[in-house]
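Comments concern the structure below.
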Amino acid sequence: QVQLVESGGGLVQAGGSLTLSCAGSGRSFRTYAMAWFRQAPGKEREFAAAISWNGGRTYYADSVKGRFIISRDNAKNTVSLQMNSLKPEDTAVYYCAAFDSAYYSDNAAPRRINYWGQGTQVTVSS
């Protein structure tokens, strides 16, 4: 069992930066690949970024590639999402997710998530 708790959301102006953190509980945290998803009002949840269990591989959605950086620290059971050059369309609730490392891919979003966090709101003003 893994519990995930996000933090770091807030209000930021367009062009600004924000870093989200996700703290995981449980010794098995480091065995999972991790991802960030987001859900804007009235829209479906969408994939943003993923990282392999050891942090050696990352994959990004085209909408955030070049602006967001996902990283993890297995010693601290944390995964982060550094968001730069934020746009109003990045406004959403951001969710941390853990999934089976066997399903990590460098060119596709994970299809099956084992654990979700509760989400943190990010609002980008124009």
Side-chain angles (χ1 to χ4, degrees):
Q1 186 79 6
V2 174
Q3 291 185 325
L4 303 172
V5 179
E6 301 95 335
S7 62
L11 174 64
V12 63
Q13 287 188 333
S17 298
L18 203 60
T19 298
L20 305 181
S21 294
C22 173
S25 65
R27 289 178 293 178
S28 61
F29 173 87
R30 63 195 64 187
T31 68
Y32 285 93
M34 299 296 297
W36 287 94
F37 286 76
R38 63 186 185 180
Q39 187 167 18
K43 295 187 177 181
E44 292 187 354
R45 192 174 298 190
E46 66 173 11
F47 167 78
I51 189 166
S52 59
W53 71 272
N54 64 355
R57 296 155 65 188
T58 57
Y59 174 63
Y60 298 92
D62 287 343
S63 58
V64 307
K65 193 178 299 181
R67 299 188 299 122
F68 290 11
I69 300 172
I70 187 171
S71 61
R72 68 187 298 164
D73 185 339
N74 284 343
K76 297 181 179 179
N77 276 16
T78 59
V79 61
S80 298
L81 186 68
Q82 180 180 338
M83 305 184 294
N84 303 312
S85 302
L86 283 162
K87 306 174 182 179
E89 50 264 44
D90 293 318
T91 294
V93 177
Y94 283 71
Y95 297 90
C96 176
F99 62 101
D100 192 326
S101 292
Y103 296 111
Y104 174 85
S105 171
D106 287 334
N107 48 37
R111 295 185 179 182
R112 182 177 181 274
I113 298 298
N114 297 77
Y115 302 102
W116 290 99
Q118 85 289 349
T120 185
Q121 176 71 46
V122 172
T123 303
V124 184
S125 62
S126 57

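When a residue number appears, it is its place in the shown sequence, counting from 1.
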From Ile113 atom CD1 to Asp100 atom CG, the distance as rounded to the nearest 0.5 Å:
10.5 Å
Do Lys87 and Asp90 sit within salt-bridge range, that is, some charged N less than 4.0 Å from a carboxylate O?
no
Give the intermediate values and the outcome of side chain to side chain contact (heavy atoms under 4.5 Å, CB included) for residues Glu46 and Arg38.
CA-CA 5 Å; Glu46 66 173 11; Arg38 63 186 185 180; 2.7 Å; yes
Is there a donor in the side chain of Asp62 and an acceptor in the side chain of Tyr60, or the other way round, less than 3.5 Å apart?
no
If I take atom CZ from residue Arg45 and atom CH2 from residue Trp116, how far apart are they, to the nearest 0.5 angstrom?
4.5 Å
Exam field: side chain Thr78 to backbone Ala23, donor-acceptor pair closer than 3.5 Å:
no
Quick one: are the ring centres of Tyr59 and Phe47 less than 6.0 Å apart?
yes
Distance-minimising heavy-atom pair for Ala49 and Leu81:
CB-CD1, 4.2 Å
Would you say Gln82's side chain and Ile69's backbone share a donor-acceptor pair under 3.5 angstrom?
no
Drop me the distance from Thr58's OG1 to Lys65's NZ, to the nearest 0.5 angstrom.
10.0 Å
Which residues pass the side-chain contact (heavy atoms from CB on, under 4.5 Å) test with Val93, not counting sequence neighbours?
Tyr95, Gln121
Is the Tyr104 ring parallel, tilted or perpendicular to the Phe99 ring (thresholds 30°, 60°)?
parallel
Separation between CG (Asp73) and OG (Ser80), nearest 0.5 Å, reads 8.0 Å
Step through the shown structure and confirm whether more than 12 heavy atoms of other residues, nucleotides or ligands are within 6.0 Å of CD on Glu89.
yes
Work out which heavy atom in Met34 is nearest to a heavy atom in Cys22; give both atom names and the distance.
CE-SG, 4.5 Å
